[in-house]
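For this chain, numbers begin at 1 and follow the sequence in order. Basis for what follows: all heavy atoms, side chains included, without hydrogens, waters or symmetry-related copies. Read the numbers this way: they start at 1 and go in the same order the structure lists the ligands and their atoms.
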Amino acid sequence: MSNGLSYSGYCNNCKKEHSLPSEKAIEVCGLLMQKFAAYEHIDYLNEQTDPRLSTHHLYGNVGGKMFGVLICKDASGKEVVLKAFSSTYNGIWNVEGWVPHLASEKDFMQIVEKGNSEIHPLTDRIKTLEKNSDGWKLKTEQRKIVSQKTLNELFDLYEVFNFKKDKRTLKNAFNLKKGIPNGTGDCCAPKLLNYAALNNLTPISIAEFYWGKPSPSGDKVEGNFYSSCTNKCQPLLGFMLCGIEK
Ligand SMILES: [Zn+2]
Ligand SMILES: [Zn+2]
């Protein structure tokens with residue numbers, strides 16, 4: 001692609017790569033950035049009453065964030081613009097006007113709390129044991145198993161649809177043999193594409209940009225566009241984009 005951006009993934013079913021162009025969505029992202037700059041709020045369509053949704057947080061502790069736009073066509077051919085922020089916004093999972101998170105917040109927090117209630121006593125016990133003693137090794141191993149089990153339960157909450165109306169758990173949609181990284185499914189592209197698939201919208205263009213203070217490593221800068229991440233999104237997008245070429 002001429003602008004160097006890529007939103008694509010290899011599909012194991014079709015044995016080929018599916019991809020979406022970005023040019024049209026880049027224009028819409030530009031308008032979104034203007035709104036962010038003017039209103040300093042992500043709820044600019046409403047009364048901007050919730051201070052938690054101010055963009056000021058993106059320059060403070062919360063740090064900068066990825067935002068994405070997906071342009072789709074509905075069944076009648078009308079264009080529909082979808083917007084997403086990655087993960088949660090300042091701790092808020094779902095904001096009106098933005099596509100929802102893939103998992104249910106209530107179910108997610110229940111699993112986290114259950115996991116913590118098993119992990120914290122083990123951590124306290126481990127602190128009292130001599131490092132590398134048999135007891136220490138045993139409890140450390142137990143804690144590892146519990147935290148892995150919790151992560152697996154969290155991943156099972158994420159289901160994704162594609163444009164052939166096939167549904168998979170995130171783990172089954174992920175096409176790399178190595179383990180699925182933490183945070184997979186929380187980026188803009190999976191949220192946007194899943195919403196489109198569920199609502200009979202056909203995607204035509206996607207783009208993602210960064211807003212806020214530069215990322216700690218300095219690899220992300222406000223106003224710049226970035227391709228889908230290679231470790232979490234690209235292995236999902238082959239499945240998720242399947243069926244877009246109608
Ligand atoms: Zn990603
Ligand atoms: Zn395919």
Cationic N near anionic O, under 4.0 Å, K191 to D186: no
statement: SG (C14) to the Zn ion (ligand 2) to SG (C11), nearest 10°, is 110°
- prompt: Vertex the Zn ion (ligand 2): angle to SG of C242 and NE2 of H18, to 10°?
  reply: 110°
query: Looking at Y210, does the NZ or CZ of K65 lie under 6.0 angstrom from its six-membered ring centre and within 45 degrees of the ring axis?
result: no
- request: Please tell me if the side chains of L192 and P190 come closer than 4.5 Å, counting only heavy atoms from C-beta onward.
  value: no
message: Between C188 and the Zn ion (ligand 1), is there a contact where an N/O/S atom of the residue lies under 2.8 Å from the metal?
response: no
task: Report yes or no: do N90 and H57 form a side-chain donor-acceptor pair below 3.5 Å?
output: yes
